[in-house]
Amino acid sequence: MKSNAKQQLIEQYPLNWSEAKIQSFREQLLGWYDQHQRDLPWRRTDNPYYIWVSEIMLQQTQVDTVKPYYERFIETLPTIEALATASEAELLSLWQGLGYYSRVRNMQVAAQQVMSDYDGQMPKTIEGLLSLKGIGPYTAGAVGSIAFGLVEPAIDGNVMRIMSRLFEIDQDITLTSTRKLMAAYLYQLIDPERPGDFNQALMDIGATIMTPTNYEPLESPLLDFDQSYHNGTAHLFPIKAKKVKVIPQMKFAYAIRNVEGEYLVRQHTEDELLHGLWHFPMADVEMVMEGVTQHELLEPLLDQYPEITESLLRQAQLIQFNGDQLQAPTIIHQFSHRKWTVTLVEVALNNSAISNFESLKWASMAQMTELPLSTLQQKLMQQIKS
DNA sequence: AAAACGGGGCT
DNA sequence: AGCCCAGTTTT
């Protein structure tokens, strides 16, 4: 990261620790690492390519599973050039069983980028690493710090858990702002003499001591700095908002206009979303076909609203066909738990229908604007005006 | 900034 | 069978 951006981040989230306390943190962490670091194949090399391969593999798989894959991969494709020119069949067979096959394809694209854009050498800056396909902020930080000594944090799930517990960070770790806060703290904590070891030490502690379910990490070299341990709150961290899954739904909304220029509208009931707000009548549909017919457009409406009869629509004219091609706008409306894709179907009646129905009534555009409307309905009405 | 993606592993 | 994970890419 550029030093001015880094400085700004630190000013935004200052740690306010004394130099002595920061020094002590580094000494505890690195002293522990010197004694307890795990002996892993990719820690016996300083070849940036090998370290890169290991980081990509470790993104998706546990250490013990990765080991044999790693050994075979670097033996078979020992250089970036070999990776860049390998056949797809060879790549896939080397990766078979690891999953996330797009990542090995991305890695080959990146190897080709290195050959063409970087003269066959891995770029030695964060920006350069980030320019490679498949390398995001975590991998750039890991490879950059371990292989090139760049003073950059490598924030993965382990590190987020550790940071959220050390500082009792009570924000959702899936938020970008929370990761920025952690990056700011880590820029202040990271040892500029040994950034790669600093990052790997944190990851080892996360993997072996400050695990997801160990709330009393008595062996942790960071115990003195561990707020959640001292307050007995470790089990509360990290805070991860459980994401409700969004159910996609397709709907038609019918803008049915009579000769007076009025539209049929209805107020959503309490068993519906957008309760109390007024809308064009809407109907659920499975999917919208490419070559949908006029009949198919109106069928869901008749199904869902018994009071709208076929005789009423006998004179209906669908005004959105250009030749046979339907040209209907769609509006996306996102709820916390639903995503509606609403296709606006415009219907012009030639007869002068005036009587109101049980739950539907006629309203001019001007009258509608006096009613409580959802943003969805406003967007639909916007489509008609233009 | 938020959503989509992805396939092995777990319940 | 369906949910979950942990990072990157895409929008």
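Below, all heavy atoms of this structure are taken into account, side chains as well, without hydrogens, waters or symmetry copies. Chain naming here is simple, since letters A, B, ... match the order of the sequence lines and numbering starts at 1 in each.
The distance between atom CG of A:Leu130 and atom P of C:dG7, rounded to the nearest whole Å, is 15 Å. Counting to the nearest Å, the P atom of C:dT8 and the CD1 atom of A:Ile56 are 7 Å from each other. Rounded to an integer number of Å, the gap from A:Met160 CE to C:dC5 P is 12 Å. When rounded to the nearest whole Å, the span between CD of A:Gln60 and P of B:dC5 equals 18 Å. The CG atom of A:Asp172 sits 13 Å away from the C1' atom of B:dA2 (whole-angstrom rounding). One atom, CG of A:Asn158, and another, C1' of C:dC5, lie 13 Å apart when rounded to the nearest Å. One can place CE of A:Met107 at 16 Å from P of C:dG7, the figure rounded to the nearest angstrom. Atom pair A:Leu132:CG and C:dT9:P shows a separation of 10 Å (rounding to whole Å applied).
Here A:Asp191 pairs with nothing under the side-chain hydrogen bond (donor to acceptor under 3.5 Å, both in side chains) rule; sequence neighbours left out. In this structure A:Arg72 satisfies the side-chain contact (heavy atoms from CB on, under 4.5 Å) test together with A:Tyr69, A:Thr76, A:Leu94, sequence neighbours excluded. Judged as a side-chain contact (heavy atoms from CB on, under 4.5 Å), and not counting sequence neighbours, the contacts of A:His275 are A:Glu270.
Think of A:Val109 as one node in a network of Ile, Leu, Val, Met, Phe, Trp and Tyr side chains linked at under 4.5 Å; it has no links at all. Grouping Ile, Leu, Val, Met, Phe, Trp and Tyr by side-chain contacts under 4.5 Å, direct or through others, puts A:Leu236 with A:Phe237, A:Ile239. Members clustered with A:Leu218: A:Leu223, A:Tyr229, by chain and number, using a 4.5 Å side-chain heavy-atom cutoff among hydrophobic residues.
Remark: A:Ile135, A:Gly136, A:Pro137, A:Tyr138, A:Thr139 in residues 135-155 of chain A come within less than 4.0 Å of DNA chain C through at least one heavy atom.
Listed by first and then second residue, the side-chain hydrogen bond (donor to acceptor under 3.5 Å, both in side chains) pairs involving residues 128-145 of chain A are A:Glu55-A:Tyr138, A:Gln59-A:Thr139, A:Tyr118-A:Ser131, A:Ser145-A:Asn199 (not counting sequence neighbours).
Taking for each of A:Ser177 and A:Arg103 the nucleotide of DNA chain B with the nearest heavy atom, the 5'-most of the two is the partner of A:Ser177.
Applying the 4.0 Å criterion to OP1 and OP2 of C:dG7, one finds that A:Lys133 has every side-chain N and O outside that range.
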Before giving the answer on salt bridge (charged side-chain N to carboxylate O under 4.0 Å, His left out), spell out for A:Lys361 and A:Glu262 the whole-Å C-alpha distance, their side-chain angles and the decisive distance to 0.1 Å.
CA-CA 9 Å; A:Lys361 71 172 187 181; A:Glu262 298 166 328; over 6 Å; no
Are there any protein N/O atoms within less than 3.5 Å of an N/O atom in nucleotides 7-11 of chain B, and if so, which ones and at what distance?
{"residue": "B:dG7", "atom": "N1", "partner": "A:Tyr100", "partner atom": "OH", "Å": "3.3"}
{"residue": "B:dG7", "atom": "N2", "partner": "A:Tyr100", "partner atom": "OH", "Å": "2.5"}
{"residue": "B:dG8", "atom": "OP1", "partner": "A:Tyr101", "partner atom": "OH", "Å": "3.2"}

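Closest heavy-atom contact between A:Phe73 and A:Met107: CZ-CE, 3.8 Å.
Among the protein residues, A:Lys180 comes within range of no part of the nucleic acid, since none of its heavy atoms lies under 4.0 Å from any strand.
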